[in-house]
Amino acid sequence: MSGGQPNPRRALRADLLDFTGDPGLGAPGLGAVRHRPDHWLLIEHGRIVGVLPGAQLPGPDWLCEDQRGRLLIPGLIDTHVHSVQLDVIASYGSELLDWLERYTFPAETRHADAAHARAQAEAFTDALLAHGTTAAVVFPSVHAVSVDALFDAARRRGMRLVTGKVLMDRHAPDGLRDDVSQAEVQCEALIARWHGIDRLAYAVTPRFAATSTPEQLAMAGALLQRHAGLTMQTHVAENRAEVAWIAKLFPQARSYLDVYHRHGLLNERAVLAHGIWLDDADRALLADSGAQIAHSPSSNLFLGSGLFDWQAMADAEAAVSLASDVGGGTSLSMLRTMADAYRVQALRGVRLSAFKALHTATLGAAQALHLDHEIGRLEPGCMADVTVWDWAAGPVARGRDALARDLHERLFAWMMLGDERNLVTTLVAGRTQYKRRNDDYGASETTDGSNQRRAAAA
Ligand SMILES: [Zn+2]
């Protein structure tokens with residue numbers, strides 16, 4: 001769906017929550033938490049312009065939406081998700097390499113068809129918005145048409161989206177392999193067509209070291225050299241069988257991560273999914289290069305890949321963001337992703353606070369992507385990518401919410417018990433791009449599809 005013409009001045013009243021810094025791993029402290037219960041968030045021409053206490057009405061020329069009693073946070077950021085894998089979500093019974101062969105590669109092959117690619121890109125971007133995700137770093141397929149379809153769908157929704165053609169010139173079936181020169185020509189054309197257009201950015205996207213020849217990895221590194229500001233996305237050290245295979249394919253490399261380093265692929269705009277089977281030297285290399293690990297707990301639990309060592313990453317001062325990794329992950333919901341991250345850390349003896357989890361999915365990811373001037377905060381000047389949530393949905397969660405004694409307890413219950421059913425509305429650049437049906441807050445429909453009422457009536 002997409003909204004109509006936005007009102008240039010729009011105000012939302014709710015409990016505003018965002019972060020001014022990193023709350024850190026460990027006991028929940030309020031130091032970096034900015035909680036403004038019952039406030040108006042003021043939006044003008046798609047950007048946040050200020051905040052007012054709830055009792056202070058914005059004025060007659062503001063279109064006001066009273067969401068009192070609800071939670072308003074920045075749009076969530078998913079730093080690793082596959083738009084072409086919605087069809088294989090929840091596929092039974094395998095580990096990574098077998099799962100790719102049995103389920104994923106056949107599904108991706110279908111994206112050579114432009115009509116299929118377009119339909120899936122529409123469904124995928126709508127699904128992100130319906131889960132409260134307003135910005136994402138995305139793997140499409142090896143086919144240029146899948147990249148065009150995804151950029152086009154995101155652009156029409158006004159989203160911040162980073163993606164690029166998947167590079168695979170070996171160890172993949174017919175219909176999913178490119179070659180070095182063909183891939184380079186396609187990447188150059190896609191970069192020229194999309195990079196820097198509106199809120200879109202291009203990512204050089206080798207799937208993982210096993211499916212690209214050294215020549216193709218070198219070509220990917222050269223693309224990054226040639227074009228400043230490109231992102232690099234790939235997978236690293238997800239599963240032990242995969243790590244052993246990479247060691248055989250690249251015997252000269254010190255580690256799996258070092259394969260990427262040797263080909264010029266690690267920099268401050270590199271996003272590497274998983275990073276479970278790393279050592280201290282790898283983590284130091286990540287910190288030095290500024291590359292981030294997109295931690296994908298739902299996928300790691302589902303495929304049985306392993307338990308990510310977040311504490312070691314924090315000790316090394318290496319960046320961590322959070323990712324659904326659908327279709328290895330089983331939900332696009334970043335709430336479920338945060339809850340799974342809590343479970344993974346619990347199995348390692350570490351307690352992930354709700355503050356740290358939500359920070360990682362908002363401001364932390366924005367900073368790791370060098371986009372915190374635009375997203376991840378409720379700060380004047382940032383784009384108005386915001387989401388409004390019920391603190392609780394259903395009688396059990398509502399009962400738990402009513403008993404919460406402080407903000408962290410309340411947010412933690414929201415994170416552990418909530419999902420996309422808690423989501424009321426999603427705004428992208430100040431426009432309503434998702435609104436829950438049959439919502440019960442009693443406002444009237446307006447032309448842009450949002451629920452709105454005048455401040456005078458609020
Ligand atoms: Zn992945």
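Just follow the structure's listing: the first ligand is 1, and inside any ligand the first atom is 1.
Qualifying ring pair (Phe, Tyr, Trp, His ring centres under 6.0 Å) partners for H131, counting only residues two or more places apart in sequence or in other chains: none.
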Next item on the list: Check the pair H235 / F139 against ring-ring contact (aromatic ring centres under 6.0 Å, His included), numbers first and verdict last.
Entry: CA-CA 11 Å; H235 298 85; F139 266 63; 4.9 Å; yes

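Under the side chain to side chain donor-acceptor pair (under 3.5 Å) test applied with D385, the options R431, R199, Q433 reduce to a single match, R199.
One finds the CZ atom of F302 at 11.0 Å from the CG atom of D325 (value rounded to the nearest 0.5 Å).
Within the structure, side-chain hydrogen bond (donor to acceptor under 3.5 Å, both in side chains) contacts touching residues 355-364 (residues at least two apart or in different chains) are D22-K356.
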Report, one line per pair, each donor and acceptor closer than 3.5 Å where one atom sits in a side chain of residues 310-319; sequence neighbours left out.
residue : atom : partner : partner atom : Å
Q311    : NE2  : D315    : OD1          : 3.0

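Less than 2.8 Å away from the Zn ion (ligand 1), the protein contributes these N/O/S atoms: H80 NE2, H82 NE2, H235 NE2, D325 OD1.
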